[in-house]
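All figures in this text were calculated on a predicted structure; none of them were measured in a lab. Values reported hereafter were calculated over all heavy atoms of this structure, with side chains retained and with hydrogens, waters and symmetry mates removed. Numbering of residues begins at 1 and proceeds along the displayed sequence.
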Amino acid sequence: MNHRVRTVLAAAAAVTVAAATGAIAHPGHGERGSVDFGDIADDGGKQHDGEGGHLDPVSYGVRLIGKGALSAPPGTNGDMTGRVADVAAHGVHAYLTAFRAADCLGGGAWIMDISDPTAPVEVGFLPTTDGNYAGEGAQVVTPDYGAYAGRQLFIHQNETCDAELAEATGKERYLGGINIWDVTDPLDPQLLVEHAGDMTVGVDADGNQVLRDNPTTVHSAFAWNSHLDEKTYAVLVDNEEWEDVDIFDITDPTDPAPVNDTLDLWTLFDVAQSSPPNLTQVFNHDMMVYRKGDRYIMNVNYWDGGYVLLDVTDPTPGNVTLIAESDYAELDEERLKRGHEVAPEGNAHQSEFSPDFKYLIGTDEDFSPYGVGEFSITTGPNAGVYESVAVGGAAPVASLPDLRLNGPTAYVGYACPDSAPVPPRDEVGLPELAEGEEAIAVIQRGPVGDPSAPEGACFPGQKADAAMAAGYDAVLFVDHHAGHNASPDQPFCGSGAFTQPVVAVCTTHTAFHHLFDSPPDYSMPYDAAKEPAIGDVGHSIDVDSVFNGWGYVRQFRTKFSDVPGTPGSIEQIDTYAVEEAQMEEYAIGYGDLSVHEVATDPRPGVNLAYLSYYAAGLRIVSYGPKGMQEVAAFIDEGGNNFWGIEVHEIDGETYVLASDRDHGLYIFQADVDVPGRPTSTPNNGPKDGKGPKDG
């Protein structure tokens with residue numbers, strides 16, 4: 001894989017450390033067009049608002065067995081919009097995580113009795129600390145070793161709400177980590193540990209370990225048993241460090257012990273690619289671990305870094321090795337099928353192997369069907385087109401009524417609320433806006449490499465919030481001086497910590513100078529006097545939108561042996577997308593049409609993959625050497641908003657569990673021709689069945 005210059009992102013890493021905990025710097029679940037893990041999913045009322053607000057109902061190739069609604073978590077205002085997140089199951093109980101609410105109350109997980117799949121019923125709730133919420137990676141694991149061998153443990157991660165909300169409501173902040181519950185008796189669950197996670201920051205000048213007040217926030221988690229050393233491990237997505245694949249020993253689940261905090265896959269295994277140049281957000285989003293003989297394989301979904309296969313047979317530092325990793329094509333395959341040449345967006349979100357390890361099915365999540373189009377300075381001597389990229393966590397240009405960002409600019413500095421206050425819009429002398437124009441705050445990334453900059457650092461979302469509070473309509477982030485020297489032709493402006501839908505784009509440091517007619521000079525050491533002054537009014541810009549579709553599904557052919565330490569291969573052979581998700585007429589007003597998660601059928605020879613496709617419903621594809629084909633679909637009357645997907649066995653029958661963000665749990669059975677059973681399987685009212693042991 002081609003190596004991208006690491007220093008382009010080094011500044012963002014420094015910001016993460018300086019911000020100390022809490023600000024979430026990964027793309028993920030949010031309202032349409034937003035890509036901040038911390039956002040609340042909100043489709044603007046279009047999901048369930050009647051005729052025209054969602055895709056038409058559909059049901060073929062699959063039977064709805066039952067569905068069960070969930071009540072609002074204790075102590076909350078009763079609003080269930082977007083509250084339901086992932087789903088996991090063991091035996092006759094399912095566990096659904098409770099995502100973030102506007103007041104950040106009621107995080108945790110619901111327990112549902114699914115002994116009668118036709119009528120799942122809520123039987124309990126597992127709360128987490130106020131100010132925290134749960135989302136991806138819910139799992140029930142049965143340890144094979146230690147004092148808890150044979151018991152069932154439910155694991156969920158914790159992410160945290162924004163600092164201003166926490167301060168205003170007096171909630172605890174930055175707890176993060178994972179919670180582990182003993183749910184052997186789901187009606188009497190026991191909390192074994194809460195907020196366990198990475199406490200390390202690094203070492204000081206004297207070589208002493210520096211610890212955090214609270215663990216890093218965690219986006220997902222997965223646990224597995226190792227028969228080689230008779231331990232149970234868990235891997236966490238660390239939201240706040242470049243070493244974002246954190247492995248813990250949870251053989252004693254009351255006291256998880258760190259095993260490996262060295263896994264930055266970019267640095268170790270060069271998983272970034274330099275072309276196309278927009279693939280700059282390279283980090284861990286999700287992962288699972290599989291046993292193949294005496295080998296343990298972790299499939300890591302590394303966002304713009306692609307799908308990565310690691311050997312974690314020995315998970316200790318220096319012993320994790322690369323098996324194979326994927327690259328994105330120069331052109332988006334689903335758009336190319338439709339005659340549109342545009343770069344792919346990356347966004348490797350989640351994946352699962354086929355039972356025989358021949359294939360990996362991966363989902364690219366993308367909440368914006370529009371990308372940043374042509375960026376132009378429209379006035380002044382340097383008018384022209386410049387490179388630009390979207391900002392992770394910001395609202396897209398397409399969220400504006402005319403799908404266009406245009407208007408005059410004003411430089412407001414670094415805009416960190418505690419160290420670089422933003423001058424109010426009405427004090428900088430911006431000209432009167434024409435119809436359809438926005439007042440645009442120009443904010444520099446950093447501060448990094450600027451000795452004259454104020455102390456302290458902050459995330460793009462915090463800067464954007466400060467600009468909005470000062471009266472601006474949108475934000476133009478510009479790469480800083482050091483960033484230009486690292487990558488002069490492609491801007492990078494970071495992501496994360498957005499708490500409201502702020503329209504923002506990012507351009508180069510050269511464009512920054514040209515906006516304000518200041519001579520570009522990139523010599524080092526940095527001379528801040530050559531930058532525009534805070535409050536200077538610049539030229540106008542114009543940024544349009546380009547339709548590039550929603551996120552879709554990839555199928556890879558994988559080859560590797562069961563011999564630890566040996567390399568293998570991963571090769572993409574097909575892509576699949578819901579047709580409406582690639583049609584611009586469905587881009588607005590039909591909910592999120594992105595794929596989210598995949599679950600492959602664990603039965604040998606049953607090559608089916610089940611997809612939670614948000615507002616495009618449940619989709620089932622068959623897969624094989626010639627690629628994927630849709631064989632089933634379901635969208636309920638009034639629409640769906642599916643997040644999680646799980647294949648689960650009850651009393652010998654295989655079911656598909658899907659979590660609807662606004663409603664609760666749906667239970668399905670595939671009704672397609674698969675080897676070894678008839679096309680239509682009778683429902684005999686399963687009782688007290690026991691599912692396969694997870695992990």
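The closest side-chain heavy-atom distance from F375 to V385 is not below 4.5 Å. Side-chain contact check for T97 versus Y133: every heavy-atom pair is 4.5 Å or farther apart. Using a 4.5 Å cut-off on side-chain heavy atoms (C-beta onward), V300 and L265 make contact. Side chains of V478 and P491 form no contact here, defined as non-hydrogen atoms less than 4.5 Å apart. Side-chain contact between E531 and F516: absent, with no pair of heavy atoms (C-beta onward) separated by less than 4.5 Å. You'll find the side chain of K463 reaches within 4.5 Å of the side chain of C416, heavy atoms only. Under the 4.5 Å side-chain criterion, counting only non-hydrogen atoms from C-beta, Y552 is in contact with Q582. Between V391 and V475 the shortest side-chain heavy-atom distance does not fall below 4.5 Å.
Remark: the backbone N or O of E387 is paired with a side-chain donor or acceptor of T507 at under 3.5 angstrom. No donor-acceptor pair under 3.5 Å is formed between the side chain of T217 and the backbone N or O of G176. Here the side chain of N347 pairs a donor or acceptor atom with the backbone of E365 at under 3.5 angstrom. A donor-acceptor pair is defined here as one N or O able to donate and one able to accept, closer than 3.5 Å; no such pair exists between the side chain of R100 and the backbone of T160. Formation of a donor-acceptor pair under 3.5 Å by the S545 side chain with backbone atoms of L403 is found in this model. A donor-acceptor contact shorter than 3.5 Å is absent between the side chain of E427 and the backbone of P424. A donor-acceptor contact shorter than 3.5 Å is absent between the side chain of T129 and the backbone of N132. Although no hydrogens or angles enter the test, the distance criterion places a donor-acceptor pair under 3.5 Å between the side chain of R83 and the main chain of G106. A donor-acceptor pair under 3.5 Å is absent between the side-chain atoms of E240 and the main chain of T216, judged by distance alone. Judged by distance alone, with hydrogens and angles left aside, the side-chain atoms of T378 form a donor-acceptor pair with the main-chain N or O of S540 at under 3.5 Å.
More than 12 heavy atoms of other residues, nucleotides or ligands lie within 6.0 Å of CD in E585, so this atom counts as buried by the packing criterion. Under a cut-off of 6.0 angstrom, the local environment of CD in E432 is sparse, with at most 12 non-hydrogen atoms contributed by other residues, nucleotides or ligands.
Side-chain contact check for H219 and E159: at least one donor-acceptor pair (N or O, by modelled atom type) lies under 3.5 Å. A donor-acceptor contact under 3.5 angstrom links the side chains of S220 and D286, judged on distance only. Counting only N and O atoms by type, the side chains of D465 and Q500 include a donor and acceptor under 3.5 Å apart. Remark: the E330 side chain and the S275 side chain contain an N/O donor-acceptor pair separated by less than 3.5 Å. In summary, the side chains of T128 and N158 do present a donor paired with an acceptor at a separation below 3.5 Å, with no hydrogens or angles considered. With hydrogens and angles left out, the side-chain atoms of T200 and D261 include a donor and acceptor closer than 3.5 Å. Side-chain contact, S594 with D592: no donor N or O sits under 3.5 Å from an acceptor N or O. Side chains of Y411 and Q444: a donor-acceptor N/O pair is present below 3.5 angstrom, by distance only. Judged purely by distance below 3.5 Å, without hydrogens or angles, the side chains of D304 and Y328 never pair a donor atom with an acceptor atom.
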Audit row: N382, D517, side chain to side chain contact (heavy atoms under 4.5 Å, CB included) steps and yes/no: CA-CA 8 Å; N382 297 301; D517 294 335; 3.6 Å; yes
Intermediate values then yes/no, ring-ring contact (aromatic ring centres under 6.0 Å, His included), H514 and Y386: CA-CA 10 Å; H514 286 174; Y386 295 81; 5.7 Å; yes
Intermediate values then yes/no, side chain to side chain contact (heavy atoms under 4.5 Å, CB included), D542 and R404: CA-CA 7 Å; D542 183 274; R404 181 172 231 91; 2.8 Å; yes
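To the nearest 0.5 angstrom, E334 atom CD is 12.5 Å from N548 atom CG. Taken from OG1 in T363 to CG in N301, the straight-line distance is 7.0 Å, to the nearest 0.5 Å. Interatomic distance, CZ of F283 versus CG of D264, reported as 13.0 Å (0.5 Å rounding). Note that CD of E345 is 9.5 Å distant from CG of L279, once rounded to the nearest 0.5 Å. Atom CE of residue M468 and atom CZ of residue F498 lie 10.5 Å apart, to the nearest 0.5 angstrom. With values rounded to the nearest 0.5 angstrom, L515 atom CG is found 8.0 Å from T379 atom OG1.
The shortest heavy-atom contact between P408 and L430 is CB-CD2, 3.9 Å. Contact detail for P277 and T280: the closest heavy-atom pair is O-CG2, 3.5 Å. For M583 against F547, the heavy-atom pair with the smallest separation is C-CZ, 3.6 Å.
Of the candidates L400, I541, V503, T409, L400 is the only one forming a side chain to side chain contact (heavy atoms under 4.5 Å, CB included) with E438.
Aromatic rings from W550 and Y614 are positioned such that their centres are separated by 6.0 Å or more.
Taking the six-membered ring where the residue is Trp, H596 and H349 present tilted rings, their angle falling between 30° and 60°.
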